Amino acid sequence: MKIRMKTPLVEMQGDEMTRILWDAIKEKLICPHVELKTEFYDLGLPNREQTADKVTTDAAEAVRRLGVGVKCATITPNAQRVVEYKLTKMWLSPNGTIRAALDGTVFRAPILVKGITPYIPTWTKPITIARHAYGDVYRNAEIKVEGKAQAKISVTYPDGKTDEKVIADFSGPGIIQGIHNTDASIGSFARSCFNYALDTRQDVWFATKDTISKTYDHRFKDVFAEIYEAEYKEKFEKIGIRYDYTLIDDSVARIVRSNGGFIWALKNYDGDVMSDMVATAYGSLAMMTSVLVSPDGKYEYEAAHGTVTRHYYRHLQGEKTSTNPVATIFAWTGALRKRGELDSLPDLTAFADKLEKATIDTIEAGTMTKDLVSLFSGKANGVDSETFLDAIAARL
């Protein structure tokens, strides 16, 4: 008998090769064992174009309503994609839209496998990147300065009061950029980090550059400290975990010398860059979990990598590809486990655990996609994606 679900997951289908893998994972690994209930949204670029991207905002609202979502990798179009897909406009990143709607924080952690040693061998435990998901360069305003000019930053309040500063006096062409954040969003980021730390019993390291950015970055530091002292210090001390603030350059040096096993909280752009660095140091971006957590306890699980365009076009030509599906599998298991926890379905949470174990055991036994072969210290058999999924299914 298949495992039954009470509440649907929000299922968000994506693009290109990850879209193909998405269906294969459901067919081979999940649906034979689970009576899957989902509320489906097609976030593939053609459907986003057809719906004027309303499908993305609808999906985000569904996650807020149902509490747990699972998302396939999607295309964020650039100028070339606008031509390729005949788009009417350059639609925004679906991830950015969903993150803004949920006011969430992205937590990314490596999937550790025996036989794949991190490039930094002292990293024996996973480092979880907590990335703020609002503002900074992702919601910036930019101007190209054409010649001699004075650039200013200005704030105008409803009562007519203004605050203004000179950014630069240009003697010739240049560029300027304006970024912003809000106390409310920074506060949500802090609470998400502290709640996740309590759930996973990990220390939190937060890093910015407040010595240089004495207003912008310093506000992040102050909000974190205020919320920690008022709401979380006693809870942290009770279970023996810590919160530390460090300058970002100092934290990088400390982290390289560390053993891992903590949450590294970073602003939006810093988290974007460092999550790829951490993923590569542990082995592969395809071997990372990623979950968006809102401060009020909504969860959206996703694969941290892109849509694997190069493999998709080979697939369209009838070739078998060796695309790594592990991050997408773990997006599904994360969502199923959380749905099981929230709905008190121990069989569903146990299934998620078993699917993850079957996936890791398959790799540790020597069967894996070809991207992992050069990283693996034992005897490795690099196979195509379908063969790899069949091996996991047999072990499951």
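Just so it is clear, the model here is predicted, and its values are computed rather than measured. Each residue takes its place number in the sequence, starting with 1.
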Flag, side chain of T74 to backbone of D15, donor-acceptor distance under 3.5 Å
no

Heavy atoms of other groups near I239 CD1, more than 12 under 6.0 Å:
yes

Interatomic distance, K320 atom NZ to S385 atom OG [nearest 0.5 angstrom]:
9.5 Å

Is it true that a side-chain atom of N259 and a backbone atom of T124 form a donor plus acceptor pair closer than 3.5 Å?
no

Between CZ on residue F220 and OG on residue S185, distance to nearest 0.5 Å
7.0 Å

Does atom CZ (R65) have a neighbourhood of more than 12 heavy atoms from anything else shown, all under 6.0 Å?
yes

Test ring pair (Phe, Tyr, Trp, His ring centres under 6.0 Å) applied to Y228 and F236, step by step:
CA-CA 9 Å; Y228 176 72; F236 271 47; 5.3 Å; yes

Cationic tip of R131 above Y138 ring, under 6.0 Å, 45° of axis:
yes

Hey, are D296 and R64 close enough for a salt bridge, meaning a charged N less than 4.0 Å from a carboxylate O?
no

By the definition salt bridge (Lys or Arg N to Asp or Glu O under 4.0 Å), identify the one residue from R48, K54, R19 that meets it with D42.
R19

Do Y119 and V256 share a hydrophobic cluster, counting only Ile, Leu, Val, Met, Phe, Trp and Tyr and linking them when any side-chain heavy atoms are less than 4.5 Å apart?
no

Expected output: side-chain S275 to main-chain G271 donor-acceptor under 3.5 Å
yes

Between N381 (side chain) and G366 (backbone), is there a donor-acceptor pair under 3.5 Å?
no

On a heavy-atom basis, which atom in K114 and which in F376 lie closest, and how many Å separate them?
O-CE1, 3.5 Å

Using the six-membered ring wherever Trp is involved, compare the ring planes of F351 and H33 and label them parallel, tilted or perpendicular (cut-offs 30° and 60°).
tilted

Charged N to carboxylate O under 4.0 angstrom, R191 versus E231?
yes

Is it possible for you to say whether L316 and I20 belong to one hydrophobic cluster, with membership spreading through side-chain heavy-atom contacts below 4.5 Å?
yes

I'd like to know if D159 and K161 make a salt bridge, using a cut-off of under 4.0 Å between side-chain N and carboxylate O.
no

Can you see whether Y232 engages N195 through a side-chain donor-acceptor pair at a distance of less than 3.5 angstrom?
yes

Q177 backbone acceptor or donor facing N140 side chain under 3.5 Å
no

Rounded to the nearest 0.5 Å, how far does NE2 of H305 lie from CG of D276?
12.0 Å

SB check D343 K6 (cutoff 4.0 Å):
no

Flag side-chain contact, heavy atom, 4.5 Å: I392 against R395:
no

Using the side-chain hydrogen bond (donor to acceptor under 3.5 Å, both in side chains) rule, take T369 and D371 through it: C-alpha gap first, then chi angles, then the decisive distance, then the call.
CA-CA 6 Å; T369 47; D371 60 307; 2.6 Å; yes

For the residue pair Y216 / D136, report whether a side-chain donor-acceptor contact shorter than 3.5 Å exists.
yes

In terms of heavy-atom contacts, does CD1 of I153 have more than 12 from other residues, nucleotides or ligands at under 6.0 Å?
no

Does a donor on one side chain and an acceptor on the other come within less than 3.5 Å for H132 and Y269?
no

For the residue pair L342 and R339, establish whether any side-chain heavy-atom pair is separated by less than 4.5 Å.
yes

Could you tell me whether the side chains of Y301 and T289 share a donor-acceptor contact shorter than 3.5 Å?
no

Any Lys/Arg nitrogen of R314 or E319 sitting under 4.0 Å from an Asp/Glu carboxylate oxygen of the other?
yes

Greater than 12 external heavy atoms within 6.0 Å of R254's CZ
yes

If you count every heavy atom of other residues, nucleotides or ligands that lies below 6.0 Å from K233 atom NZ, does the total exceed 12?
no

Taking L112 as the starting point, is it possible to reach M368 by hopping between hydrophobic residues whose side chains are less than 4.5 Å apart?
no

Among T208, D217, N181, which residue meets the side-chain hydrogen bond (donor to acceptor under 3.5 Å, both in side chains) test with K267?
D217

Determine whether W332 and E11 satisfy the following criterion, side-chain contact (heavy atoms from CB on, under 4.5 Å), listing intermediate values before the conclusion.
CA-CA 9 Å; W332 273 105; E11 178 186 352; 4.0 Å; yes

Give a yes or no on whether the backbone of S258 and the side-chain of T122 come within a donor-acceptor separation of less than 3.5 Å.
yes

To the nearest 0.5 Å, what is the distance between OG1 (T97) and CH2 (W91)?
10.5 Å

Do L345 and V10 land in one hydrophobic cluster if side-chain heavy atoms of ILVMFWY residues count as linked below 4.5 Å?
no

Checking F262 against I255 for the side-chain contact (heavy atoms from CB on, under 4.5 Å) test, could you report, in this order, the C-alpha distance in whole Å, the side-chain angles of both residues, the deciding distance, and whether it holds?
CA-CA 10 Å; F262 52 83; I255 281 164; 3.6 Å; yes

Intermediate values then yes/no, side-chain hydrogen bond (donor to acceptor under 3.5 Å, both in side chains), E341 and T349:
CA-CA 7 Å; E341 290 173 0; T349 58; over 6 Å; no

Any link between I363 and I111 through a network of hydrophobic side chains (Ile, Leu, Val, Met, Phe, Trp, Tyr) touching at under 4.5 Å?
yes

What is the ring orientation for F224 with F194, classed by angle as parallel under 30°, tilted 30 to 60°, or perpendicular over 60°?
perpendicular

Between the OG1 atom in T211 and the NZ atom in K214, the distance rounded to the nearest 0.5 Å is 6.0 Å

Does atom CD of Q50 have more than 12 heavy-atom neighbours, drawn from other residues, nucleotides or ligands, at distances under 6.0 Å?
no

With a 4.0 Å cut-off, would you call K152 and E164 a salt bridge?
yes

Qualifying residue, where the test is side-chain contact (heavy atoms from CB on, under 4.5 Å) with L372 and the options are I116, T367, V113
I116

Could you check whether E16 pairs with R81 (Lys NZ or Arg NE/NH1/NH2 to Asp/Glu carboxylate O, under 4.0 Å)?
yes

Evaluate the criterion side-chain contact (heavy atoms from CB on, under 4.5 Å) for residue pair D222 and D210; output intermediate values, then yes/no.
CA-CA 10 Å; D222 287 347; D210 69 287; over 6 Å; no

Rounded to the nearest 0.5 Å, the CD atom of E229 sits from the CD atom of E234 at a distance of 10.0 Å

